[in-house]
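In this chain, numbering begins with 1 at the start of the sequence shown.
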Amino acid sequence: MFFDPERFEPRDDRSPAWNRGAYIAEGLSHCSSCHTPRGPLGEELTNRLYQGASVDGWFAPAMTAANPAPVPWTSAELHDYLNTGASHYHGTAAGPMAPVTQGLGALSAKDQQALVTYVESIGDGDARAAHTASAVSSALDVDAQDRSRMASAGGRLFVAACASCHYNRAPDVNPNRPELGLNSAVFLDDPSNLIRVILYGINAKDGAAGIVMPGFARGLTDDDVASIAGYLRSTRTTKAPWPDLAKQVAAIRAAGTGEIR
Ligand code: HEC
Ligand code: HEC
């Protein structure tokens, strides 16, 4: 019902690089099949192209300007994230996105650049590049000035389980330990990505070369994971709290799709 056989048609009003990138994204890489919400019959809702969608128990974030990460997705950030699986400010490609970046890493430099040209145009991140410095400094300030952490169960667990790796100090972020105050997983309306990363970690194959994050599925209870996620949400963002977190952790565990590493 929803498949119309057709050839890719380049747009005259766009550069050859943009058209090549669109061809790679829409044809070979089918980026939109994960990042576009689907209707009741599984059809991609083309009027909500790239607005973000659930896939295989993860959430593929919006690639439009609605992406919730505080630092804009500039060409430079997209280039590193898509082709190496990790970027300076946005962290790591985990879950179903990891194999995508491994595939893109094998493209020629010219095709990688073409894909970046196209993807950048979806969210127009370069136009907001100047926001990067202020987003980074406010995330680092929040972290440095968070005096409340020992006052809550979630904050104390965060210190014990996470802060030994996830700390950064002004003036910049160490890309080998993603700044959680800048990571989409903490800002999305759907907490699945954050819960999954806490439970199952990131293995050496999926993340940045040679770097791993341990999983906590065995060491933390559902309530522990929920309270860390809730703590990050309330201290790192101004977004509404996630409802029923412990239940969502239990459901993800019960689905049993992540391996314990
Ligand atoms: C198989 C499903 C799938 C496909 C295909 C896919 N993605 Fe993703 N993508 C995801 C998921 C899931 C995430 C979240 C990963 C995480 O949290 O680490 C993601 C994350 C991203 C992010 C980071 C968003 C953020 O705010 O952190 C970008 C950018 C992105 N994808 C671009 C692309 C592009 C470009 C393509 C096509 C070349 C593509 N994706 C293909 C599932 C997919
Ligand atoms: C031993 C060090 C270590 C500990 C402890 C640790 N992490 Fe990580 N974490 C990492 C590394 C390294 C990465 C990046 C992985 C990579 O690039 O391969 C990461 C990545 C992440 C990401 C980003 C995932 C993405 O898709 O961008 C989140 C979110 C995260 N960690 C949350 C946590 C939380 C919450 C805790 C505590 C429960 C925690 N981490 C404990 C090392 C750690």
Side-chain angles (χ1 to χ4, degrees), residues 2 21-22 24-75 77-82 85-87 89-101 103-104 115-128 131-132 135 139 178-198 202 206 229 232-233 236-245 248-249 251-252 255 257-258:
F2 300 104
I24 294 169
E26 305 301 338
L28 301 169
S29 318
H30 44 82
C31 313
S32 78
S33 62
C34 290
H35 285 269
T36 298
R38 289 175 185 266
L41 297 176
E43 76 281 19
E44 282 178 39
L45 300 175
T46 45
N47 59 341
R48 293 171 60 194
L49 206 59
Y50 293 119
Q51 291 182 15
S54 291
V55 52
D56 293 340
W58 290 75
F59 192 85
M63 288 161 58
T64 61
N67 181 282
V71 169
W73 280 99
T74 59
S75 296
E77 282 289 293
L78 282 169
H79 185 277
D80 291 350
Y81 183 90
L82 293 175
S87 69
Y89 298 116
H90 294 91
T92 306
M97 189 60 201
V100 175
T101 62
L104 297 176
L115 180 65
V116 167
T117 302
Y118 174 69
V119 176
E120 186 280 328
S121 77
I122 298 171
D124 217 8
D126 285 346
R128 285 172 288 121
H131 294 254
T132 301
E179 172 50 45
L180 301 182
L182 297 174
N183 200 277
S184 292
V186 180
F187 289 80
L188 289 166
D189 291 337
D190 180 332
S192 303
N193 297 3
L194 180 60
I195 293 171
R196 280 183 176 277
V197 169
I198 297 176
I202 298 176
D206 284 0
L232 286 170
R233 181 79 165 177
R236 273 33 175 201
T237 81
T238 53
K239 310 237 170 210
W242 284 310
D244 293 330
L245 264 176
Q248 299 200 56
V249 180
I252 287 175
T257 44

Going through the checks in order, is the side-chain contact (heavy atoms from CB on, under 4.5 Å) test met by Ile195 and Leu245? CA-CA 9 Å; Ile195 293 171; Leu245 264 176; 4.2 Å; yes
Taking all non-hydrogen atoms of both residues, which atom of Asn183 and which atom of Gly91 are closest, and how far apart? ND2-CA, 4.0 Å
Are side-chain heavy atoms of Trp242 and Leu188 found at a separation under 4.5 Å? no
Do any pairs count as a side chain to side chain donor-acceptor pair (under 3.5 Å) and have a residue in residues 36-49, sequence neighbours left out, and if so which ones? Ser32-Glu44
At what distance, to the nearest 0.5 angstrom, does NE2 of His79 lie from OG1 of Thr117? 9.5 Å
Could you grab the distance from atom CG of Leu41 to atom CZ of Phe2, nearest 0.5 Å is fine? 5.0 Å
side-chain contact (heavy atoms from CB on, under 4.5 Å) between Trp58 and Cys34: does it pass, once the steps are laid out? CA-CA 10 Å; Trp58 290 75; Cys34 290; over 6 Å; no
Of all residues at least two apart in sequence or in a different chain, which pass the ring-ring contact (aromatic ring centres under 6.0 Å, His included) check with Phe187? none
Could you walk me through whether Ser192 and Ile252 pass side-chain contact (heavy atoms from CB on, under 4.5 Å), step by step? CA-CA 8 Å; Ser192 303; Ile252 287 175; 4.2 Å; yes
Considering only heavy atoms from C-beta outward, does the side chain of His35 approach that of Pro61 to under 4.5 Å? yes
Nearest heavy-atom pair of Tyr50 and Ala25: which atoms, and what distance? OH-CB, 4.4 Å
Asp80 side, atom CG; Thr101 side, atom OG1 - distance, nearest 0.5 Å: 11.5 Å
In a table with atom names and distances, give each donor-acceptor pair under 3.5 Å that connects a side chain of residues 64-75 to protein atoms at least two apart or in another chain.
{"unit_1": "Thr64", "atom_1": "OG1", "unit_2": "Ala66", "atom_2": "N", "d": "3.2"}
{"unit_1": "Asn67", "atom_1": "OD1", "unit_2": "Ala69", "atom_2": "N", "d": "2.9"}
{"unit_1": "Asn67", "atom_1": "OD1", "unit_2": "Trp73", "atom_2": "NE1", "d": "3.3"}
{"unit_1": "Asn67", "atom_1": "ND2", "unit_2": "Ala62", "atom_2": "O", "d": "2.8"}
{"unit_1": "Thr74", "atom_1": "OG1", "unit_2": "Glu77", "atom_2": "N", "d": "3.3"}
{"unit_1": "Ser75", "atom_1": "OG", "unit_2": "Asp126", "atom_2": "OD1", "d": "3.4"}
{"unit_1": "Ser75", "atom_1": "OG", "unit_2": "Asp126", "atom_2": "OD2", "d": "2.6"}

On a heavy-atom basis, which atom in Leu82 and which in Leu104 lie closest, and how many Å separate them? O-CB, 3.5 Å
For Ala98 and Ala93, work out which heavy atoms get closest and say how close. CB-O, 3.5 Å
Steps toward side-chain contact (heavy atoms from CB on, under 4.5 Å) verdict (Asp190, Ser54): CA-CA 9 Å; Asp190 180 332; Ser54 291; 3.8 Å; yes
Within a strict 4.5 Å, meaning less than it, do heavy atoms of the Ser184 and Phe59 side chains meet? no
Heavy-atom distance under 4.5 Å between the side chains of Ile24 and Tyr118, does that happen here? no
